[in-house]
J.: 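Got a structure for you, written out below as structure tokens; questions coming shortly.
Both ligands and their constituent atoms are indexed starting at 1 by order of listing.
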Amino acid sequence: MKFFVDTADVAEIKEAAKLGILDGVTTNPSLVAKTGRKYREVIEEICEICKGPISAEVLPVDYEGIMKEARVWAKVAPNVVVKIPLITEGLKAVVTCAEEGIKTNVTLCFNSIQALLAAKAGATYISPFVGRLDDIGHEGLDGIREIRQIYDNYGYETEILVASIRHPIHLRDAALCGADVATLPFDVFKKLVKHPLTDAGLAKFLEDAKKIPKGS
Ligand code: G3P
């Protein structure tokens with residue numbers, strides 16, 4: 001399973017990259033707005049830090065506008081993946097991007113029918129949002145199971161990139177469903193390694209180690 005971080009904060013990305021298991025980064029307009037920086041400048045810097053896929057989102061919502069921006073993003077760095085919303089105009093653009101060899105991450109996916117359309121259009125990644133569905137009383141992970149089944153039924157190579165993750169259990173469940181990628185907010189990324197029994201167990205081992213006689 002691949003781990004991405006879902007942030008536009010370069011300090012967080014640098015920190016996450018230090019662990020050595022970071023595979024990529026996803027951003028969106030809301031995350032970039034929080035930084036107060038220009039979108040392109042942020043993406044250029046992220047592409048220097050992480051050589052894996054870096055998702056940069058288009059802002060226009062019409063086919064021509066999406067394509068114009070997609071072509072610009074694709075030239076920023078070889079590892080840029082163009083993030084396109086799951087709307088009719090967006091799907092048309094995904095088809096053209098696939099023809100032109102531009103990698104895409106289709107975002108704002110909330111059910112398996114939308115995910116099927118994205119795969120048919122030739123998306124590189126599909127981003128189903130689990131947390132936002134849970135927030136309104138739906139079971140976000142049900143959609144991931146369905147998408148996995150549908151993609152496997154037809155051999156679609158579009159990678160399932162689980163987004164809108166709120167806590168480590170979302171990651172565990174996404175992995176159990178066979179998702180290809182999980183994109184994690186930095187605070188969730190940091191929580192993954194933590195277990196109170198690990199900390200307590202280590203403290204006890206270190207304390208007991210002091211009682212071991214020194215020398216060979
Ligand atoms: O980047 C897309 C997605 O991960 C957003 O998550 O927390 O805004 O629902 P969230």
Side-chain angles (χ1 to χ4, degrees), residues 1-13 15-17 22-37 39-40 42-43 45-47 49-50 52-61 66 69-70 73 76 79-87 90-91 93-94 103-112 114-115 117-118 123-144 147-148 158-175 177 179-192:
M1 186 182 212
K2 285 174 244 178
F3 285 7
F4 291 2
V5 277
D6 195 29
T7 179
D9 182 329
V10 291
E12 290 185 348
I13 296 164
E15 195 59 35
L22 181 68
D23 299 298
V25 178
T26 51
T27 67
N28 63 40
S30 306
L31 293 170
V32 176
K34 277 193 220 167
T35 69
R37 300 178 62 196
Y39 207 159
R40 184 181 173 121
V42 170
I43 291 295
E45 196 174 339
I46 295 173
C47 287
I49 301 164
C50 177
I54 310 299
S55 288
E57 192 153 338
V58 294
L59 303 180
V61 290
I66 293 171
E69 209 162 289
W73 274 134
V76 168
N79 51 332
V80 166
V81 174
V82 181
K83 209 169 177 189
I84 298 179
L86 213 163
I87 55 176
L91 287 176
V94 171
K103 292 202 168 104
T104 53
N105 173 0
V106 178
T107 188
L108 291 165
C109 172
F110 290 95
N111 69 36
S112 53
Q114 291 180 310
L117 288 175
T124 315
Y125 300 94
I126 181 68
S127 285
F129 283 29
V130 293
R132 291 192 196 183
L133 281 171
D134 288 2
D135 291 346
I136 60 160
H138 291 244
E139 177 57 77
L141 265 299
D142 283 350
I144 308 302
I147 298 167
R148 180 75 282 156
T158 301
E159 293 192 44
I160 303 170
L161 191 171
V162 179
S164 188
I165 284 180
R166 300 270 191 265
H167 44 68
I169 301 301
H170 271 151
L171 170 70
R172 179 202 65 189
D173 291 344
C177 293
D180 302 286
V181 190
T183 190
L184 305 150
F186 186 57
D187 68 312
V188 177
F189 190 84
K190 282 190 296 184
K191 280 180 194 162
L192 298 179

J.: Ignoring hydrogens and geometry, is there a side-chain-to-backbone donor-acceptor pair from Thr7 to Asp9 under 3.5 Å?
T.: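 Judged by distance alone, yes, a pair lies under 3.5 Å.
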J.: Please report the interatomic distance NZ(Lys103) to OG(Ser55), rounded to the nearest 0.5 Å.
T.: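 Rounded to the nearest 0.5 Å, the NZ-OG separation comes out at 11.5 Å.
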J.: Assess, by modelled atom type and distance only, whether the side chains of Tyr125 and Thr26 contain a donor and an acceptor separated by less than 3.5 Å.
T.: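 No, no side-chain donor-acceptor pair sits under 3.5 Å.
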J.: Enumerate, one pair per line, all nitrogen or oxygen atoms of ligand 1 lying under 3.5 Å from a protein nitrogen or oxygen, stating the separation to 0.1 Å; write 'none' if no such pair exists.
T.:
residue: ligand 1; atom: 1 (O); partner: Asp6; partner atom: OD1; Å: 3.0
residue: ligand 1; atom: 1 (O); partner: Asp6; partner atom: OD2; Å: 3.3
residue: ligand 1; atom: 1 (O); partner: Asn28; partner atom: ND2; Å: 3.0
residue: ligand 1; atom: 1 (O); partner: Lys83; partner atom: NZ; Å: 3.3
residue: ligand 1; atom: 4 (O); partner: Asp6; partner atom: OD2; Å: 2.5
residue: ligand 1; atom: 4 (O); partner: Ser164; partner atom: N; Å: 2.9
residue: ligand 1; atom: 7 (O); partner: Arg166; partner atom: NH1; Å: 2.7
residue: ligand 1; atom: 8 (O); partner: Arg132; partner atom: NH2; Å: 2.8
residue: ligand 1; atom: 9 (O); partner: Arg132; partner atom: NE; Å: 2.7
residue: ligand 1; atom: 9 (O); partner: Ser164; partner atom: OG; Å: 2.7
residue: ligand 1; atom: 9 (O); partner: Arg166; partner atom: NH1; Å: 3.2

J.: Apply ring-ring contact (aromatic ring centres under 6.0 Å, His included) to His167 and list each qualifying residue two or more places apart in sequence or on a separate chain.
T.: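 Here the qualifying residues are His170.
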J.: Checking Ser127 now: which residues fulfil side chain to side chain donor-acceptor pair (under 3.5 Å) with it, not counting sequence neighbours?
T.: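 For Ser127, the residues satisfying side chain to side chain donor-acceptor pair (under 3.5 Å) (neighbours in sequence not counted) are Asn105.
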J.: Taking ring-ring contact (aromatic ring centres under 6.0 Å, His included) as the test, write out the residues that go with Phe129, two or more places apart.
T.: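 Partners of Phe129 by the ring-ring contact (aromatic ring centres under 6.0 Å, His included) criterion, ordered by chain and then number, come out as Phe110.
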